[in-house]
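One structure below.
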Amino acid sequence: MREAVLEWFGQHARELPWRSEDRSAWGVLVSEVMLQQTPVARVEPAWRAWMARWPEPADLAAASPADVLRAWDRLGYPRRALRLQECARAVVERHSGVVPDASEDLLALPGVGAYTAAAVQAFAFGRRSVVLDTNVRRVLARAVAGVALPAPSQTAAELRLAESLVPEDDATAARWSAASMELGALVCTARSPRCDACPVAGLCAWRAAGRPADEHAARRRTQAWAGTDRQVRGRVMALLRDAIGPVPAAAVEALWPDRTQLERCVESLLADGLLARDAAADGDEPPTYRLP
DNA sequence: AACGCGGGGCT
DNA sequence: AGCCCAGCGTT
């Protein structure tokens, strides 16, 4: 399986900017944070602009959060943008501006979890690690476990399986991590897998079993979008991103009819550090809002 | 372990 | 109208 996937990767790997020869470890880390739940197609232009503006951790550390949030634009989950800046500051303060390569140090950085730490080790440093993202989980679920999709949340068994498949030497292991992810992203896709183009179709347990349906389908209902706090928060952030100066409270209140929900969302954005509120000069007037 | 957290494009 | 996306931090 590894041989076939590595061979396929040699032919079909995408040329992504964070994979180029002259990439930096910081560039890889930035890409991984942006790619946390945002598709490659939308990250690519954002990453180019971001790295041109703030090429080193120290550059991002020195930026204003408002600029960072505006540059993040509509990548989604803007708390990630704040964490990425905190991460840049931590790299500067704890590691003299150099991205660390030890798991313990990477995991201690804001916004860096098990996946991102492993990905940086593999893709920035060419080190052996266990990279287990949604793509790899799906490939292993099908090829090895013989099911349509992995369980809703990652299991210990999955991690053990993934670990057992990572090649021993650093360079091959790092390449395997990229290759197995790429197979999941391009061929072994969630919706309509292209088994006819798959290098491991011949040994795929799911295909051999006749591609049985997803057994977890009933539990997989995604959270509705319309009317959720996430939609309201998104509207508030969009208004603030596009505003030139401070935004009057009335403009924020006009975004959403449900006063209780809007207030809850504004308070949560303030708590998250995504929003700032200034009292009016005349204390009886309503406050204004801006990016922090 | 479960939940909250954006936004857009595809089927 | 769902479904999915190179997850993380909190509870």
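Everything quoted here is computed from the prediction, not taken from an experiment. So that the names make sense, note that chain A is the first sequence line, chain B the second, and so on, each numbered from 1.
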Using a heavy-atom cut-off of 4.0 Å across all strands, would you classify [X] as base, sugar-phosphate, or nothing?
X: A:V112; answer: sugar-phosphate
X: A:T116; answer: sugar-phosphate
X: A:A119; answer: nothing
X: A:L16; answer: base
X: A:A114; answer: sugar-phosphate
X: A:W72; answer: nothing
X: A:D229; answer: sugar-phosphate
X: A:R19; answer: base

Given atom [atom1] of [X] and atom [atom2] of [N], what is their separation to the nearest angstrom?
X: A:R137; N: C:dC5; atom1: CZ; atom2: C1'; result: 13 Å
X: A:L269; N: B:dG4; atom1: CG; atom2: C1'; result: 13 Å
X: A:Q154; N: C:dA6; atom1: CD; atom2: C1'; result: 13 Å
X: A:Q261; N: B:dG4; atom1: CD; atom2: C1'; result: 14 Å
X: A:L240; N: B:dG6; atom1: CG; atom2: C1'; result: 15 Å
X: A:W18; N: C:dA6; atom1: CH2; atom2: P; result: 10 Å
X: A:R80; N: C:dG7; atom1: CZ; atom2: P; result: 9 Å
X: A:L132; N: C:dC8; atom1: CG; atom2: P; result: 11 Å

Any side-chain donor paired with an acceptor under 3.5 Å for [X] and [Y]?
X: A:E56; Y: A:W26; answer: no
X: A:D229; Y: A:Q261; answer: yes
X: A:T38; Y: A:R80; answer: yes
X: A:R233; Y: A:S268; answer: yes

Please write out each protein N/O paired with an N/O of nucleotides 7-11 of chain B under 3.5 Å, distance rounded to 0.1 Å.
| residue | atom | partner | partner atom | Å |
| --- | --- | --- | --- | --- |
| B:dG7 | N2 | A:R42 | NH2 | 2.9 |
| B:dG7 | N3 | A:R42 | NH2 | 3.0 |
| B:dG8 | OP1 | A:R74 | NE | 3.4 |
| B:dG8 | OP1 | A:R74 | NH1 | 2.6 |

Looking at A:Q37, A:R230, A:Q36, which one forms a side-chain hydrogen bond (donor to acceptor under 3.5 Å, both in side chains) with A:Y77?
A:R230
Between C:dA6 and B:dC5, how many Å separate the two P atoms, rounded to a whole number?
22 Å
For C:dC8 and B:dG8, measure between their P atoms and round to the nearest Å.
23 Å
Given DNA chain C, 5'-ward residue of the pair A:T189 and A:R79, judged by closest heavy atom:
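Upstream on the strand: A:T189.
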List, by chain and number, the other hydrophobic cluster members for A:V92, where Ile, Leu, Val, Met, Phe, Trp and Tyr join if side-chain heavy atoms come within less than 4.5 Å, directly or indirectly.
none
I'd like to know whether A:R128 forms a salt bridge (Lys or Arg N to Asp or Glu O under 4.0 Å) with A:E163, so could you lay out the CA-CA distance, the side-chain angles of the two residues, the decisive distance to 0.1 Å, and finally the verdict.
CA-CA 10 Å; A:R128 185 180 190 278; A:E163 216 283 280; 3.1 Å; yes
Which of C:dC8, C:dC4, C:dA6 is nearest the side chain of A:Q36? It is C:dC8
Atom CG in A:L186, atom CE in A:M181: separation rounded to 0.5 Å?
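Output value for this atom pair is 10.5 Å.
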